[in-house]
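Only this structure's heavy atoms are used, side chains among them; waters, hydrogens and symmetry mates stay out. So you know, we letter chains A, B, ... as the sequences are listed, proteins then strands, and number each from 1.
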Number of protein chains: 2
Amino acid sequence: MDSPVLRSPRGKDVPGPIRAATPSRRTGTHACTRCLVRHLAVCTALSTDQTEALDAMAGDVRLQAGQMLAREGDVRRYVFTVTSGALRRIRVLPDGRRLVAGFLMPGDFIGFSGASHYRHSIEAISDSVLCSIAQADMRELCERHPGLEHELLERACVELDATRNNLMALARMTPLERLAGFLLDMAARRQRQGIGGNQLVLPMTRADIADYLGLTVETVSRSFTRLRQDGMISAADPHHIELLDPKRLQALAEARA
Amino acid sequence: MDSPVLRSPRGKDVPGPIRAATPSRRTGTHACTRCLVRHLAVCTALSTDQTEALDAMAGDVRLQAGQMLAREGDVRRYVFTVTSGALRRIRVLPDGRRLVAGFLMPGDFIGFSGASHYRHSIEAISDSVLCSIAQADMRELCERHPGLEHELLERACVELDATRNNLMALARMTPLERLAGFLLDMAARRQRQGIGGNQLVLPMTRADIADYLGLTVETVSRSFTRLRQDGMISAADPHHIELLDPKRLQALAEARA
DNA sequence: CGCTTTGTTGACGGGGTTCAACCGCAGTGG
DNA sequence: CCACTGCGGTTGAACCCCGTCAACAAAGCG
């Protein structure tokens with residue numbers, strides 16, 4: 001049985017001590033019942049004793065920052081749930097133009113796709129841990145527990161809603177509005193993880209944000225400074241943002257006022 | 001039992017002879033087994049005798065061009081399958097900026113959303129007929145026939161893939177590339193309906209296309225003429241396009257060459 | 001230490017939006 | 001019948017925002 005391939009973003013496999021745990025075998029660290037993101041993940045749909053079956057199939061994957069979990073075009077053999085860390089879902093055009101189709105955070109499920117091959121590459125932004133299950137196992141699990149499939153559908157719909165929201169941002173919003181919306185989204189995600197407050201940690205680079213919002217790094221940078229000048233945010237450093245005026249950010253993001 | 005509200009785009013209910021059939025009751029014209037889009041729709045997941053249960057719950061909705069099937073913000077009570085015609089899924093910002101989040105064609109399912117309220121308005125572009133089922137009935141049907149839920153998940157994933165493709169277009173493609181991709185998409189959809197060939201009928205206006213591609217009408221119009229000048233398409237009238245050079249259009253849409 | 005990466009800021013130019021005019025067509029009503 | 005109106009579509013001209021190019025600072029890292 002092969003394991004999900006780990007590659008560096010540039011295509012060379014990353015050497016070194018850190019390799020993927022073979023997903024088909026339980027690693028020492030894996031134990032669904034003690035999972036930190038169980039309340040966030042699809043597995044909530046399973047009762048405690050049903051979880052045993054899942055546990056037997058699941059394995060951990062550990063990635064260090066910059067490593068690639070999946071490459072666009074590869075055959076999809078596994079689905080994943082993010083346990084910790086942050087990843088990006090990207091696609092690159094032949095001429096180098098890049099899109100970040102989304103960011104993946106703890107609790108997020110990776111595997112909603114109708115295609116047999118990956119439509120995007122998935123790279124770790126920071127060191128990350130994922131729970132992996134072979135697609136075949138997942139299918140079997142779904143057949144045995146319809147509640148799981150229902151939960152998956154539910155989540156796919158939520159993700160569809162979110163993606164459609166991004167369409168609006170990309171099609172019709174100004175850079176400032178896009179950034180405001182992005183920051184609020186990230187804050188909302190944080191809240192869902194139980195980390196409230198207006199402090200925000202952005203693990204991704206400005207380039208990631210730019211490719212996510214359909215802008216250039218320069219425009220993103222300028223938009224950050226404008227939000228800062230206008231008193232809506234403050235930033236200790238580029239990756240630590242405080243939302244000083246969420247109301248006004250909201251108004252921006254919704255194009256009111 | 002109330003029926004899906006039909007409104008004109010401006011908000012006034014449309015008077016006149018054409019009203020929605022009450023979806024909870026079978027209308028004379030409804031009969032799943034004779035459905036023209038059965039092979040395209042989610043109902044393929046049901047066997048012939050299972051279809052009887054569906055038949056009892058389903059009803060037809062008829063819309064004339066311009067009528068509204070659902071309004072952004074309304075409570076979602078029904079899900080639909082497009083039988084004939086064409087519709088658009090739209091959202092409008094307070095200041096008038098408009099987004100067309102997608103076009104709905106025969107066989108398409110309307111109802112993938114995690115939200116309890118509509119996130120978009122849905123308007124008929126041309127006269128359309130839809131098959132409607134109350135959400136509660138749909139849920140019950142899913143519980144009784146897990147195959148249906150599986151099919152729904154499958155389709156939600158396909159739609160998610162398609163929406164993510166649009167993200168790339170909106171974020172990083174030039175107007176010409178977006179239009180090329182759009183035309184090919186429409187052609188592919190046509191093919192799925194069994195209407196092959198390079199002839200293309202676009203029921204929507206240039207404004208719809210513009211708001212779908214994140215451009216202005218002017219830019220869309222100019223892009224059409226450029227494609228025409230470059231010999232990639234020809235147009236009898238604005239709504240009837242012939243794809244003269246699909247290969248080159250493909251290259252454009254994929255940003256090759 | 002150099003070297004690379006990341007982020008910010010300035011100057012400039014171009015592509016797409018904005019503004020405007022025009023055409024063809026379908027209603028509409030005198 | 002025909003003027004009038006509105007809408008959809010196309011094209012031209014001017015503007016401006018954002019992308020491009022460039023320089024620089026700061027941090028990370030061998």
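- A salt bridge does not link E159(A) with R164(A): none of the charged nitrogens is closer than 4.0 Å to a carboxylate oxygen.
- Side-chain contact, R91(B) with N165(A): a donor N or O sits under 3.5 Å from an acceptor N or O.
- Contacts between residues 219-239 of chain B and DNA chain D, defined by a heavy-atom separation below 4.0 Å, involve S221(B), R222(B), T225(B), P238(B), H239(B), listed by number.
- The interatomic distance linking E218(A) (CD) with dG10(C) (C1') rounds to 11 Å, in whole Å.
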(message) Walk me through whether R97(B) and D95(B) qualify under salt bridge (charged side-chain N to carboxylate O under 4.0 Å, His left out).
(response) CA-CA 6 Å; R97(B) 280 177 282 178; D95(B) 60 9; 2.8 Å; yes
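- Among pairs with a residue in residues 185-202 of chain B, those fulfilling salt bridge (charged side-chain N to carboxylate O under 4.0 Å, His left out) read D108(B)-R189(B), at least two apart in sequence or across chains.
- Proximity of L176(B) to L179(B): side-chain heavy atoms (C-beta onward) are nowhere separated by under 4.5 Å.
- Listed by chain and number, the residues in a side chain to side chain contact (heavy atoms under 4.5 Å, CB included) with E254(B) are Q250(B), R256(B) (sequence neighbours excluded).
- For the contact set between residues 176-184 of chain B and DNA chain D, defined by any heavy atom under 4.0 Å, there are no members.
- Checked by atom type and distance alone, the side chain of H240(A) never pairs as donor or acceptor with a backbone atom of V201(A) at under 3.5 Å.
- Note on D74(A) versus R119(A): no salt bridge recorded, every NZ/NE/NH1/NH2 to OD/OE distance being 4.0 Å or above.
- Among dG10(C), dC18(D), dT18(C), the nucleotide with an atom closest to any side-chain atom of T216(B) is dT18(C).
- For the pair A235(B) and I241(B), the tightest heavy-atom approach, listed with the atom from each and the gap, is CB-CD1, 3.7 Å.
- Across the protein-nucleic acid pair, D95(B) atom CG and dT18(C) atom P stand 11 Å apart, rounded to whole Å.
- With a 6.0 Å cutoff to the six-membered ring centre and a 45° limit on the axis angle, R206(A) counts as a cation-pi contact of F224(A).
- Between the two ends of the helix from dC1(C)-dG30(D) to dG30(C)-dC1(D), each summarised by a five-pair axis, the helix axis turns through 30° (rounded to 10 degrees).
- Evaluated for a side chain to side chain contact (heavy atoms under 4.5 Å, CB included) with F80(A), the options L69(A), L87(A), I122(A) yield exactly one hit, L69(A).
- The separation between I125(A) atom CD1 and dT5(C) atom C1' is 16 Å, rounded to whole Å.
- With respect to R172(A) and D211(B), a salt bridge is recorded, a charged nitrogen being found less than 4.0 Å from a carboxylate O.
- Across residues 201-215 of chain B, T205(B), R206(B) each have a non-hydrogen atom less than 4.0 Å from an atom of DNA chain D (numbered order).
- A donor-acceptor pair is defined here as one N or O able to donate and one able to accept, closer than 3.5 Å; such a pair exists between the side chain of D237(A) and the backbone of H239(A).
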